[in-house]
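Sequence lines set the chain letters: A, B, ... in the order given, protein chains first and strands last, and positions in each chain run from 1.
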Amino acid sequence: MAPPVAVSIRDFTRRFGDTTVLRNLNLEIGQGEFVALLGRSGSGKTTLLRTLAGLDPADREQVVSPSARAIVFQDARLLPWKKVWRNVAIGLPGRDTRARAEAALTEVELSHHLDVWPATLSGGEAQRVALARALVREPALLLLDEPFAAVDALTRLRMHELVLALWRRHAPAVLLVTHDVDEAITLADRVLVLDQGRIAAEERIALPRPREADPQFQAIRSRLLAHLGVTAPGAKETPPAEGALVAFPTGEIVT
Amino acid sequence: MSVLAAEPRSIRLSAPKWRLRTGRWLSPALLLVLWELGSRTGVIPTRVLAAPSVVAQTLWSMIVSGELASNLAVSLARAAAGLAIGLVVGVALALVAGLSRRGETGVDPLMQLGRTLPSLALTPLFIVWFGIGETPKITLIAVATVFPIYLNLFAGIRGVDAKLIEAARSFGLSGWQLIVHAILPGALPSFLVGLRYALGVAVLVLVVAEQINASAGLGYLINNARDFMRTDVIVVCLLVYATLGLSADLIVRALEARALAWRTSFLKS
């Protein structure tokens with residue numbers, strides 16, 4: 001028997017006007033599998049996530065995704081007029097929603113912020129509330145749309161730990177959309193590179209977690225970066241060489 | 001001092017603000033003193049403007065005799081009735097236009113046309129239609145207040161962050177739940193701006209509407225006082241109108257502080 005599948009996309013094409021965003025895409029995500037989706041801007045990765053979330057229309061025969069699913073957006077998207085716990089409990093069916101929201105907020109270490117307004121939260125805290133809001137629904141599929149892109153580097157590291165811990169505890173299938181190669185390798189079981197609407201590369205990460213110190217980390221990183229069109233490893237942080245022309249935002253050119 | 005002390009939430013501006021505020025009473029008080037002096041020395045004749053002390057006495061006697069209260073009640077009832085109608089109609093139309101495209105096509109052009117018309121210009125027509133009783137007065141206030149309510153609530157509904165709506169939808173809200181939990185609270189700040197404006201307009205239109213042959217109300221008091229050149233009574237009525245405008249503003253501010261407690265501007269104080 002094949003392992004149970006949470007998400008299945010077959011031969012899926014999505015167009016906006018004349019542009020084809022996703023073309024003949026095939027993807028399967030196993031139950032409890034953590035998949036990261038890398039891609040440059042405009043590669044279609046957000047469209048793919050939105051399709052799985054049901055936010056964009058899709059043919060049910062081509063796209064199968066569990067009905068119990070939840071998204072964490074890049075911006076936390078909390079309703080500012082609802083207290084934190086009500087944001088978590090929003091749309092929850094059944095009784096004792098406060099208790100359930102409280103439990104979820106405890107898991108993201110925010111049980112002391114149940115009754116505050118979202119506007120008083122820091123970016124990282126707001127994102128943790130968004131995570132709690134997703135978790136409280138006990139999703140079979142957790143969709144993360146660049147959820148750590150807007151938080152500072154230190155908070156991001158803590159959020160990685162948190163997401164891994166929550167994933168181990170609740171075992172949802174996860175699709176993480178990101179443009180951060182290191183983040184993808186650190187977190188996922190499998191990393192996909194999306195390019196021009198197709199999956200251009202796939203990398204299984206079998207390293208034991210934590211992985212940052214693993215000697216193979218850099219090799220995987222270079223391979224994935226190459227697929228993304230970045231040739232020199234670590235090129236994204238290379239400062240310009242001395243004497244090179246540097247264009248400043250004001251338009252002036254300094255040598 | 002540590003860097004942590006600069007956290008924005010803990011900044012307190014109250015001390016310098018208070019000192020400035022106390023200073024702000026000086027110039028009006030000085031004006032009042034000059035006015036009183038001018039009246040006493042005869043520079044300002046009573047038929048031009050009564051002295052502040054005389055105005056105060058008149059105010060007191062009108063309060064004691066109940067004349068002010070009974071006429072104020074009549075005026076307030078007019079404003080309240082007109083405003084209530086304007087509020088209900090304005091909110092209903094804004095919901096229809098704001099929540100559906102078809103509603104917008106049907107309602108919005110009419111409202112955009114209507115708002116260009118100064119409501120007070122309708123006075124002669126309303127007198128022809130409704131005579132000179134209470135109806136034209138209340139209708140005028142209602143018509144004038146519909147527009148600020150409608151325009152602001154409509155814009156508020158349409159201005160709600162589409163990303164928030166999308167998020168709310170993805171978490172299972174739909175139909176009325178979506179409207180009640182996501183759209184209307186998001187439109188509330190704009191609505192309150194409209195309400196504040198409508199209250200101001202209601203007082204303004206009240207003043208004009210009450211000039212239409214009233215037999216009670218503040219306008220009646222003013223008209224009578226004009227005939228007898230009682231500048232003291234006129235000033236008392238002006239003060240009452242000003243107080244009405246001010247309390248209208250305070251009411252909306254109080255509403256805002258309660259209903260918009262989630263906003264950062266309210267959170268800071």
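Residue B:A261 touches chain A through both its backbone and its side chain, counting heavy-atom pairs closer than 4.5 Å. Only the side chain of A:R137 comes within less than 4.5 Å of a heavy atom in chain B; its backbone stays farther off. Interface remark: B:Q177 contributes no atoms to any contact with chain A (heavy atom separation under 4.5 Å). Proximity to chain B is limited to the side chain of A:D75, based on heavy atoms less than 4.5 angstrom apart. For chain B, the nearby part of A:K82 is the side chain; its heavy atoms alone come within less than 4.5 Å. Only the side chain of A:L55 comes within contact range of chain B, with at least one heavy atom under 4.5 Å from a heavy atom of that chain. At a 4.5 Å heavy-atom cutoff, the contact between A:R133 and chain B is made by backbone and side-chain atoms alike.
Taking 4.5 Å as the limit, every side-chain heavy atom of B:W262 sits out of range of all side-chain heavy atoms of A:L79. Side-chain atoms of A:E202 and A:R190, non-hydrogen and from C-beta on, do get closer than 4.5 Å to each other.
Of the inter-residue distances, the one linking A:L176 atom CG with A:F34 atom CZ reads 5.0 Å to the nearest 0.5 angstrom. From B:L99, atom CG reaches atom CD1 of B:I179 across 4.5 Å, with rounding to the nearest 0.5 Å.
When the candidates A:P80, A:A134, A:A70, A:G54 are compared by the number of heavy-atom contacts under 4.5 Å with chain B, A:P80 comes out ahead.
A side-chain hydrogen bond (donor to acceptor under 3.5 Å, both in side chains) with A:H179 holds for exactly one of A:E146, A:R40, A:K45; it is A:E146.
In this structure, a donor-acceptor pair under 3.5 Å is absent between the side chains of A:E102 and A:S111.
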